[in-house]
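All values below come from the heavy atoms of this structure, side chains included, with hydrogens, waters and symmetry mates left out. Letters A, B, ... are given to chains in the order of the sequence lines, protein chains preceding strands, and every chain is numbered from 1. Here the structure is a predicted model, which means the values were calculated and not measured.
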2 protein chains.
Amino acid sequence: MIAHWYGQRSMVDDTDVSQALEQLRRTGGRVTQQRRLVLQALVDAQPHPSAEDVAERVAAVAPDVHMSTVYRTLNTLTELGVISHVHIDHGPSLYHFADDVRPHLVCRQCGRVDHVDAETFEAVRATIESASGFRLDRGHFAWSANCPACRDDLD
Amino acid sequence: MIAHWYGQRSMVDDTDVSQALEQLRRTGGRVTQQRRLVLQALVDAQPHPSAEDVAERVAAVAPDVHMSTVYRTLNTLTELGVISHVHIDHGPSLYHFADDVRPHLVCRQCGRVDHVDAETFEAVRATIESASGFRLDRGHFAWSANCPACRDDLD
DNA sequence: CGCTTGTTACGAGTCGCTCGCAACAGCGGG
DNA sequence: CCCGCTGTTGCGAGCGACTCGTAACAAGCG
């Protein structure tokens, strides 16, 4: 479904891993091999792996790591605010580091994904906020749209 | 989770049902009692019932109508363009008549939902379109946000 | 090196649908 | 008004994406 990604690449790297582990330790959590592997997989599988993608990468290195551990780790890291996920069309949640949260646009026809730049997003946010009082999240849900190539198809 | 709805009510009524059945017949489909009941439930359960809500209402009148029939009918009507659904936070799809498609704002804290008025939406759409070429859908995905009451909590 | 307490593997369970199949029922033709 | 063609339905199994209870396990502080 998702045929193509473009736009700038994320700038996630190993420092994200150590910062996440740091955060984990600081809040009384433990730094386990499994968690290290999940975080590394998250870095390697940029830009937007699903829990399955992460599990697959982890399994390549440590086949005994259970799926539920991957899910639990992903949830723990989400609660810590280290990572976040986005829902794109139907299908599983896609994960990314929290410092890489940007609003997504997804084409409903071809699945192509783009990001909204910060300036445009802030403009939209201000418009919505003054009209309704609601302050838009940057991430979490992708904005459903039609990309230029598919735009002729419908309103 | 969803504590409160506000904003103008939809204007869905019985004419939507007959128009939908009409459309169904025109495209070679059959007007069955089950479909009538699903459509009626959709009208009665405004503004945004889940498939379960619809099935429950149908079951109150005709207990033998199977869940899968409800899902199939909702899918058929979606393909016909008569109805549509929106994803609000995690949880099931919420259905509504297609003529009632409006962009939704959902508060991530309290679940309160609001609509974006047409004028504001068009302004946002124009902004996004000129920045990225993507043309926003009116419906399908809710925009995740914080409502005025919960706004202090996070960025 | 223990001990405490957070983590993990495993497997069963849940939620929200989806599908194959045989029985059934609209509805256009005769 | 009945026939029969073909779209629909009921039923139950299946599935994708998680979630949870439990007992074994292992960080990391003392």
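- Taking 4.0 angstrom as the limit, B/Ser68 places none of its side-chain polar atoms (N or O) nearer than this to OP1 or OP2 of D/dG12.
- Note: CZ (A/Arg36) to P (D/dA26) measures 14 Å, nearest angstrom.
- Regarding contacts with the backbone of D/dT8, a side-chain N or O of B/Arg35 is found under 4.0 angstrom from either OP1 or OP2.
- Contact footprint of chain B on DNA chain C: nucleotides with an atom under 4.0 Å from a non-hydrogen protein atom, first to last in 5' to 3' order, C/dG16 to C/dC27.
- In this structure, A/His85 has its ring center closer than 6.0 angstrom to the ring center of B/His90.
- Other residues, nucleotides and ligands contribute at most 12 non-hydrogen atoms within 6.0 Å of the CD atom of B/Glu119.
- One interatomic measurement links the two molecules: NE2 of A/His66 to P of D/dA23, which rounds to 17 Å at whole-angstrom precision.
- By the 4.5 Å heavy-atom criterion applied to side chains, A/Pro148 and A/Arg112 are counted as neighbours.
- Per the geometry, NE2 belonging to A/His90 stands 16 Å off C1' belonging to D/dC15, to the nearest Å.
- The distance from atom CD of B/Glu79 to atom P of D/dT8 is 11 Å, rounded to the nearest whole Å.
- One finds no salt bridge joining B/Arg57 and B/Glu52 here, because no Lys/Arg side-chain nitrogen approaches an Asp/Glu carboxylate oxygen to under 4.0 Å.
- In summary, the side chains of A/Ser68 and A/Arg72 do present a donor paired with an acceptor at a separation below 3.5 Å, with no hydrogens or angles considered.
- Place B/Gly91 and A/Gly29 on DNA chain C by their nearest nucleotides, and A/Gly29 ends up nearer the 5' end.
- The nearest whole Å value for the distance from the CG atom in A/Asp53 to the P atom in D/dC18 is 11 Å.
- The interatomic distance linking B/Tyr71 (OH) with D/dC15 (P) rounds to 18 Å, in whole Å.
- Closest to the side chain of A/Val31, from the set D/dT19, D/dG10, D/dG28, is D/dG28.
- Residue B/Arg72 is the one, among B/Gln34 and B/Arg72, whose nearest nucleotide of DNA chain C lies closer to the 5' end (criterion: closest heavy atom).
- Between D/dC18 and A/Ser93, a contact under 4.0 Å exists linking OP1 or OP2 to a side-chain N or O.
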Dump the intermediate steps for side chain to side chain donor-acceptor pair (under 3.5 Å) on B/Thr78 and B/Asn75, then the final yes or no.
-> CA-CA 5 Å; B/Thr78 299; B/Asn75 287 345; 5.0 Å; no
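- Checked against a 6.0 Å centroid threshold, the rings of A/His115 and A/His104 count as neighbours.
- At whole-Å resolution of the value, CD1 in A/Ile88 and P in D/dA17 are 14 Å apart.
- We find that CG of B/Leu24 is positioned 13 Å from P of D/dG7, with the value rounded to whole Å.
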